[in-house]
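Quick notes on the structure that follows.
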Amino acid sequence: SAKDMKHRLGFLLQKSDSCDYSSSQGKKEKIASSQRVSQEEVRKWADSLENLIHHDRGLAAFRAFLKSEYSEENIEFWVSCEDYKKTKSPAKLSPKARKIYDEFISVQATKEVNLDSCTREKTSHNMLEPTLSCFDEAQRKIFTLMEKDSYRRFLKSPYYLDLVSPPGAGCGPENCKRSHTHTLDCNSNIISQCA
């Protein structure tokens, strides 16, 4: 009924954006599992960007960090390219390639990534006859860009620091309070990215 709908909408509008995820059992399980990443595994993420983004939780944390910096198009492009390279059917190559190109590389791309004109031209040329490797150079450039820039900032951010040294581990009351808040924010962002 209209009354029920109004009540539900009112309830949803009152809910905080940043996350009362505890209302759903599935979300609780995701929070618990996100906290189960071993400290050893989290430390490996600092060894290389590759270690980080090839781990589901690491990728989710990095994506949440990039989202906070309004630069998630880079990791989205990288993930799309990885998915594209797993395409089995030759008939699906062209439409998938076109979708990635239109979304991330073309002049009117909604999530345009930062590529030099030479790489952009070469990738455009590859669109004439798409192959599994048609985005390789562009993907490599974006990976290098993330590695030199946002990955280094990520390692100094609460998104990483709170995972590598959880709150309460040898910190003063002020740090624990700050750290705990960031951990909640981080977990919420990670969860929303995984959901």
Side-chain angles (χ1 to χ4, degrees), residues 11-83 86 103-104 110-115 138-195:
F11 176 75
L12 288 172
L13 291 172
Q14 288 173 358
K15 236 180 170 187
S16 165
D17 268 358
S18 67
C19 49
D20 183 14
Y21 289 111
S22 59
S23 61
S24 150
Q25 188 58 37
K27 298 290 184 184
K28 281 183 189 175
E29 288 166 14
K30 286 183 181 182
I31 289 171
S33 64
S34 75
Q35 293 167 341
R36 275 190 235 131
V37 181
S38 73
Q39 290 296 299
E40 184 182 329
E41 193 63 47
V42 173
R43 283 188 196 97
K44 283 182 189 171
W45 300 348
D47 293 341
S48 72
L49 176 57
E50 207 161 299
N51 285 355
L52 174 69
I53 60 181
H54 281 97
H55 187 283
D56 288 345
R57 301 277 181 240
L59 178 61
F62 188 54
R63 184 178 268 164
F65 168 73
L66 290 176
K67 194 169 191 171
S68 77
E69 292 201 330
Y70 304 99
S71 62
E72 70 265 27
E73 69 279 352
N74 292 328
I75 196 65
E76 287 179 22
F77 172 67
W78 185 88
V79 168
S80 294
C81 291
E82 287 297 291
D83 179 58
K86 294 173 188 164
E103 192 172 358
F104 299 103
T110 53
K111 300 175 182 178
E112 187 178 356
V113 290
N114 188 5
L115 291 171
Q139 186 185 20
R140 213 174 7 259
K141 297 268 178 159
I142 293 303
F143 181 89
T144 303
L145 183 74
M146 290 190 296
E147 189 175 44
K148 289 180 177 173
D149 187 37
S150 45
Y151 171 62
R152 291 180 183 175
R153 285 196 310 279
F154 168 77
L155 293 177
K156 295 174 186 170
S157 77
Y159 289 87
Y160 178 72
L161 295 176
D162 286 348
L163 289 172
V164 80
S165 57
C171 62
E174 292 164 14
N175 291 343
C176 284
K177 213 177 269 180
R178 179 204 58 78
S179 187
H180 181 66
T181 303
H182 285 303
T183 301
L184 291 176
D185 291 346
C186 178
N187 283 341
S188 301
N189 285 333
I190 290 170
I191 301 315
S192 65
Q193 293 299 321
C194 292

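The structure displayed is predicted, hence computed values, not measured ones. In this chain, numbering begins with 1 at the start of the sequence shown. Values below: all heavy atoms of this structure, side chains included; hydrogens, waters and symmetry mates excluded.
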Checklist line | Spatial distance of atom CE (Met146) from atom CZ (Phe77) [nearest 0.5 Å] | finding: 9.5 Å

Next item on the list: Measure the spacing between CG of Leu163 and CH2 of Trp45 and express it to the nearest 0.5 Å.
Entry: 5.5 Å

Notebook entry, point to check: Roughly how far apart are Leu59 CG and Leu49 CG, rounded to 0.5 Å?
Noted result: 9.5 Å

Check: Between Arg153, Glu72, Glu76, which is the residue that forms a side chain to side chain contact (heavy atoms under 4.5 Å, CB included) with Leu66?
Finding: Glu72

Note to self: With rounding to the nearest 0.5 angstrom, report the CG to NZ distance, Asn114 to Lys141.
What the structure shows: 11.0 Å

Notebook entry, point to check: Heavy-atom distance under 4.5 Å between the side chains of Ile142 and Phe104, does that happen here?
Noted result: no

Item checked: Considering all heavy atoms, the nearest Val79-Arg63 contact -> CG2-NH2, 3.6 Å

Checklist line | Gap between atom CD1 of Ile75 and atom NZ of Lys67 - 0.5 Å precision | finding: 13.5 Å

Notebook entry, point to check: For Glu147, which residues count as a salt bridge (charged side-chain N to carboxylate O under 4.0 Å, His left out) partner, sequence neighbours excluded?
Noted result: none

Check: Which heavy atom in Lys44 sits nearest to a heavy atom in Asn51, and how many Å separate them?
Finding: O-ND2, 3.1 Å

Item checked: Distance in Å, Asp149 CG paired with Glu69 CD, rounded so as to fall on 0.5 Å steps -> 7.5 Å

Notebook entry, point to check: Are the side chain of Tyr151 and the backbone of Ser48 linked by a donor-acceptor contact shorter than 3.5 Å?
Noted result: yes

Notebook entry, point to check: side-chain hydrogen bond (donor to acceptor under 3.5 Å, both in side chains) with Glu82: which residues, sequence neighbours excluded?
Noted result: Lys85, Gln139

Notebook entry, point to check: Who are the ring-ring contact (aromatic ring centres under 6.0 Å, His included) partners of Phe154, not counting sequence neighbours?
Noted result: Phe62, Phe65, Tyr160

Next item on the list: Measure from the side-chain N and O atoms of Glu103 to the backbone N and O of Glu112, and report whether any donor-acceptor pair falls under 3.5 Å.
Entry: no

